[in-house]
Amino acid sequence: MALVFVYGTLKQSFPNFHINTATRVDGDFFTKELFPLYLEGERYVPWLVLDKNNGYQIKGELYQVNQQTMEDMDILESVGEPSGYHKVKLSIVSSCDAVVAGKQEVLAFVYVKLPQQLQYADIKLGPIKEYTLEHALLYRPRC
């Protein structure tokens, strides 16, 4: 089992949650470091850009995932493709009411974009602190 921090369409009740068959860890979770989160392109896709100290602590959800679910998420996020997401481990911190294995800080996989992938002209919104259901209404899945 691995930990995955999701901040966008893979969150519970969001457009791609059907791919996320993992077990949610109760509580509120945030990136330890500051990052920018944008809605990018004509599809209004949430992008957490790996540009430390240039944004906010991003709020998301933490999941314990098995290998099959991780592979399904990797496919959705186009990991390994030039325009895809990169899967990195980041420090994730919890609110006071949530702990994972007795800890309030854990390392978890996060799907991110690299700064050089960002096309500033394509930013529709951001940086923002949290991807909300209001933002998800703008999202358009791939055809």
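We're numbering straight along the sequence, starting at 1. Computed from a predicted model, the values in this text were never measured in an experiment.
- Under the 4.5 Å side-chain heavy-atom criterion for ILVMFWY residues, no single connected hydrophobic cluster contains both Leu34 and Val93.
- Taken to the nearest 0.5 Å, the CG atom of Leu10 stands 9.0 Å off from the NE2 atom of His18.
- A donor-acceptor pair under 3.5 Å links the side-chain atoms of Gln57 to the main chain of Thr31, judged by distance alone.
- Checked against Tyr44 for a side chain to side chain contact (heavy atoms under 4.5 Å, CB included), the options His135, Arg140, Lys124 give a single hit: Lys124.
- Annotation: side chain to side chain donor-acceptor pair (under 3.5 Å) contacts of Gln119 (sequence neighbours excluded): none.
- Heavy-atom neighbours of Gln67 CD from other residues, nucleotides or ligands within 6.0 Å: at or below the threshold of 12.
- Scanning both residues, Tyr38 and Pro127, for their nearest heavy atoms gives CE2-N, 3.6 Å.
- In the hydrophobic clustering of this structure, Tyr7 groups with Leu114; members are Ile, Leu, Val, Met, Phe, Trp, Tyr whose side-chain heavy atoms approach within less than 4.5 Å, directly or through other members.
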TODO: For side-chain contact (heavy atoms from CB on, under 4.5 Å), just list the numbers for Leu107 and Ser91, CA-CA rounded to whole Å, side-chain angles, deciding distance to a tenth of an Å, and then say yes or no.
DONE: CA-CA 5 Å; Leu107 281 178; Ser91 290; 3.7 Å; yes
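- Residues Leu37 and Ile123 share a hydrophobic cluster, clusters being chains of Ile/Leu/Val/Met/Phe/Trp/Tyr side chains in contact below 4.5 Å.
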- [ ] Could you please spell out the steps behind the side-chain contact (heavy atoms from CB on, under 4.5 Å) verdict for Lys11 and Phe17?
- [x] CA-CA 6 Å; Lys11 293 193 311 184; Phe17 183 66; 5.9 Å; no
TODO: Show your working on salt bridge (charged side-chain N to carboxylate O under 4.0 Å, His left out) between Arg24 and Glu61 and close with a plain yes or no.
DONE: CA-CA 7 Å; Arg24 185 171 177 185; Glu61 299 172 354; 3.4 Å; yes
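- In the hydrophobic clustering of this structure, Phe35 does not group with Phe30; members are Ile, Leu, Val, Met, Phe, Trp, Tyr whose side-chain heavy atoms approach within less than 4.5 Å, directly or through other members.
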Task: Lys113/Leu118 under side-chain contact (heavy atoms from CB on, under 4.5 Å): CA gap, chis, key distance, verdict - done: CA-CA 8 Å; Lys113 293 285 189 163; Leu118 186 63; over 6 Å; no
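- Side-chain contact of Asp72 with Thr69: a donor-acceptor pair under 3.5 Å is absent, judged by distance alone.
- The line from CZ of Phe29 to CD of Gln104 is 9.0 Å long, rounded to the nearest 0.5 Å.
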Using atom types as modelled, flag every donor-acceptor pair under 3.5 Å from a side chain in residues 74-87 to any protein atom, sequence neighbours excluded.
from  : atom 1 : to     : atom 2 : distance (Å)
Asp74 : OD1    : Lys87  : NZ     : 3.3
Asp74 : OD1    : Tyr111 : OH     : 2.6
Asp74 : OD2    : Lys87  : NZ     : 3.0
Ser78 : OG     : Arg142 : NH2    : 3.3
Tyr85 : OH     : Pro46  : O      : 2.7

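- Remark: Asn66 CG to Thr23 OG1 distance equals 8.0 Å, nearest 0.5 Å.
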Per-pair distances, 0.1 Å, donor-acceptor, side chain in residues 48-55, under 3.5 Å, sequence neighbours excluded:
from  : atom 1 : to    : atom 2 : distance (Å)
Asp51 : OD2    : Asn54 : ND2    : 2.8

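- Between the CG atom of Leu3 and the CG atom of Leu90 there is a distance of 12.5 Å, given to the nearest 0.5 Å.
- More than 12 heavy atoms of other residues, nucleotides or ligands lie within 6.0 Å of CD in Gln12, so this atom counts as buried by the packing criterion.
- A chain of hydrophobic side-chain contacts below 4.5 Å, direct or via other Ile, Leu, Val, Met, Phe, Trp or Tyr residues, connects Tyr120 to Leu39.
- Between Met73 and Val65, the shortest heavy-atom contact is CE-CG1, 4.1 Å.
- A distance below 6.0 Å separates the ring centres of Tyr131 and Phe14.
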Task: Working for side-chain contact (heavy atoms from CB on, under 4.5 Å), residues Asn20 and Tyr63 - done: CA-CA 9 Å; Asn20 184 357; Tyr63 288 86; 3.4 Å; yes
